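Source: prediction; values computed, not measured. Naming: A, B, ... by sequence-line order, numbering from 1 per chain. Excluded from the calculations below are hydrogen atoms, water molecules and symmetry mates; all remaining heavy atoms, backbone and side chain alike, are included.
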Number of protein chains: 2
Amino acid sequence: MADKYQCLKLDNQLCFPLYAVSKEIVRKYKPFLDEVDLTYTQYIVMMVVWEEEQVSVKEMGKKLFLDSGTLTPVLKTLEKKGLIERTRSKEDERNLIVTLTPSGKALKDKAVKIPAQIGGCLNISPEDAVELHKILHKIMETL
Amino acid sequence: MADKYQCLKLDNQLCFPLYAVSKEIVRKYKPFLDEVDLTYTQYIVMMVVWEEEQVSVKEMGKKLFLDSGTLTPVLKTLEKKGLIERTRSKEDERNLIVTLTPSGKALKDKAVKIPAQIGGCLNISPEDAVELHKILHKIMETL
DNA sequence: TCAAAATAGATTGTGTACAATTCAATTACA
DNA sequence: TGTAATTGAATTGTACACAATCTATTTTGA
C-alpha cells in the first residue's frame with residue numbers, strides 16, 4: 001500500500017515549487033533593481049504607472065493583486081523618492097490618483113534594461129516560457 | 001517600430017504571473033490551514049518535520065529556501081504551540097535539532113486532507129500540473 | 001596548541017502581505 | 001431630503017522574508 005502521507009511531501013506539492021521559484025526569481029532581480037533603487041514590489045508598482053500614467057489605488061490593486069494595506073505604504077515610499085505623485089480625484093475625493101513625475105518617467109529608460117538582464121539569468125527555453133505563461137494564466141483564471 | 005517599452009508591461013513578464021499565482025494559491029490555502037491553526041509558512045515547515053522527524057535549521061533552510069532569520073521565529077512559534085521541540089545537538093552544539101512532539105505527529109493526520117482540498121479548488125488538468133512541475137523544476141535548477 | 005577562520009543560529013532593521021477595522025466621501029432609497 | 005448602505009483608502013496588528021550583523025561553537029593550520 002502506498003504511503004498515505006505521500007501527498008504531504010514537499011516534492012509532490014504544486015504550490016511549494018511555485019512559491020519557491022517565485023521567491024528565488026525575485027531574489028535574482030535584486031542586484032538589477034538595486035541599480036535603480038527599487039524593491040521588487042516598488043518595481044511592479046512603477047510598471048503599472050509607466051503603462052498607465054494615471055491610476056487609482058483600486059485599479060492598481062486589481063492589476064497587481066494587492067490591497068490598499070500593501071499599496072498605501074509602497075506608494076508613500078515612491079512619492080518620497082520623487083517618482084510619483086498622489087492626489088485625490090476632483091470628481092470623487094475617495095479615489096487617490098497616482099501619476100508619474102518627470103523623475104519617475106526618466107527612470108523608465110533605466111528600467112527598460114532589466115527584463116533582458118533577468119532573461120539572461122534564467123536560462124529558460126522560449127517554448128517553456130510560453131508554456132509556463134499559458135498554464136499560469138489558466139490557473140489565474142480559475143482563482 | 002515596436003514600442004521599446006514593450007518588455008516593461010506586466011503581461012509580458014514571466015516573474016509577475018509566478019509571483020501572483022503563488023500568492024493567490026497561498027491565499028486559497030488559508031481556510032483549510034485555519035482548520036489546523038497553521039499559516040502557510042508554518043505548514044511547509046511542519047511538512048519537513050513530518051517527513052524527516054529530525055532536522056537541523058540548516059537542513060530545513062536548504063529544503064525550504066529560507067534562512068534562519070525567517071525560520072527561527074517560525075520554529076519558536078511552533079514550539080510554543082507544542083508541535084515541535086528545539087534542542088541543541090550534543091555532538092555539535094551549533095546545530096539546533098527540530099523534532100516532532102506527539103501533538104505535532106497527531107496533527108499530520110488532520111493535515112493529510114489539505115492537499116486534496118486544495119486540488120479541488122485549483123481545477124488544473126493533470127497534464128498541466130505535470131508540465132508545470134517539470135518547468136518549475138527546470139528553472140529551479142538553473143538558479 | 002592556540003589563535004584565526006569557518007560554521008550554525010539568533011538578532012536587528014526594513015519592507016512587504018493581508019485580514020480586520022476605521023474613516024471620509026458618495027450613492028441609494030424610503 | 002435625509003439617513004442608511006456602499007465605496008475607496010488608510011490604519012492597525014500579525015506574520016513572514018531577507019540582508020547584515022552578532023555570538024557561540026567547532027575546525028584548521030602555522
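- Counting heavy atoms from C-beta outward, Leu66(A) and Val74(A) have side chains that stay 4.5 Å or more apart.
- Protein atom CD of Glu79(A) is 14 Å distant from nucleotide atom P of dA9(D), rounded to whole Å.
- Residue contacts shown for Val74(B) are limited to sugar-phosphate atoms, with no base heavy atom under 4.0 Å away.
- Here Leu66(B) lies in heavy-atom contact (under 4.0 Å) with sugar-phosphate atoms only.
- The NZ-P distance, from Lys58(A) to dT26(C), rounds to 16 Å in whole Å.
- Distance from the side chain of Lys23(A) is smallest for dC18(D) among the nucleotides dC18(D), dA9(D), dA17(C).
- With rounding to whole Å, Asp34(B) atom CG is found 12 Å from dC18(C) atom C1'.
- Proximity of Pro17(B) to His133(A): side-chain heavy atoms (C-beta onward) are separated by under 4.5 Å at one or more points.
- The shortest side-chain heavy-atom distance between Gln13(B) and Pro115(A) falls under the 4.5 Å cut-off.
- Leu78(B) places its CG atom 11 Å from the P atom of dA15(D), with the value rounded to the nearest Å.
- If you measure from atom CG of Asp37(A) to atom C1' of dG15(C), you get 13 Å, rounded to the nearest angstrom.
- Within residues 43-53 of chain A, no residue approaches DNA chain C, by heavy-atom distance under 4.0 Å.
- Residue Thr77(B) is classed as having no contact, given no heavy-atom separation below 4.0 Å to the nucleic acid.
- Residue Met60(B) contributes atom CE, which lies 13 Å from atom P of dC16(D) at whole-angstrom precision.
- Looking at Lys113(B) and Glu35(B), no side-chain N of the basic residue comes within less than 4.0 Å of a carboxylate O on the acidic one, giving no salt bridge.
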Set out, line by line, the N/O atom pairs under 3.5 Å between protein and nucleotides 19-26 of chain D.
residue, atom, partner, partner atom, Å
dT26(D), OP1, Glu93(B), N, 3.0

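- Each of Tyr19(A) and Leu75(A) was assigned the nucleotide of DNA chain D with the nearest heavy atom; the assignment lying further toward the 5' end belongs to Leu75(A).
- The shortest distance between the side-chain N/O atoms of Lys76(A) and the OP1/OP2 oxygens of dT11(D) is below 4.0 Å.
- Each of dT16(C), dA10(C), dC18(C) was ranked by its minimum atom distance to the side chain of Arg88(B); first place goes to dA10(C).
- Looking at Arg94(B) and Asp92(B), a side-chain N of the basic residue comes within less than 4.0 Å of a carboxylate O on the acidic one, giving a salt bridge.
- For Leu64(A) and dT16(C), the CG to C1' distance is 13 Å, given to the nearest whole Å.
- The OH atom of Tyr29(B) sits 18 Å away from the C1' atom of dC18(C) (whole-angstrom rounding).
- Under 4.0 angstrom from either OP1 or OP2 of dA9(D) there lies no side-chain N or O belonging to Thr72(A).
- Between Tyr43(A) and Tyr29(A), the angle of the ring planes lies from 30° to 60°, which puts this pair in the tilted group.
- Phosphate proximity of dA8(C) to Ser56(B): absent, as no side-chain N or O sits under 4.0 Å from OP1 or OP2.
- Taking 4.0 angstrom as the limit, Arg86(B) places a side-chain polar atom (N or O) nearer than this to OP1 or OP2 of dA10(C).
- In this pair, Tyr19(A) and Phe16(A) present their aromatic rings tilted. The plane angle is within the 30 to 60° band.
- A sub-4.0 Å separation between OP1 or OP2 of dC16(D) and a side-chain N or O of Thr41(B) is present.
- Glu79(B) contributes a side-chain N or O that, together with a main-chain N or O of Arg86(B), makes up a donor-acceptor pair within less than 3.5 Å.
- Annotation: of the two residues near DNA chain C, Asn95(B) and Tyr40(A), the 5′-most nearest-nucleotide partner is Asn95(B).
- The side-chain tip of Lys108(A) points at the ring of Tyr5(B) from less than 6.0 angstrom away and within 45° of straight on.
- We find that Arg27(A) and Glu24(A) are joined by a salt bridge, their nearest charged nitrogen and carboxylate oxygen being less than 4.0 Å apart.
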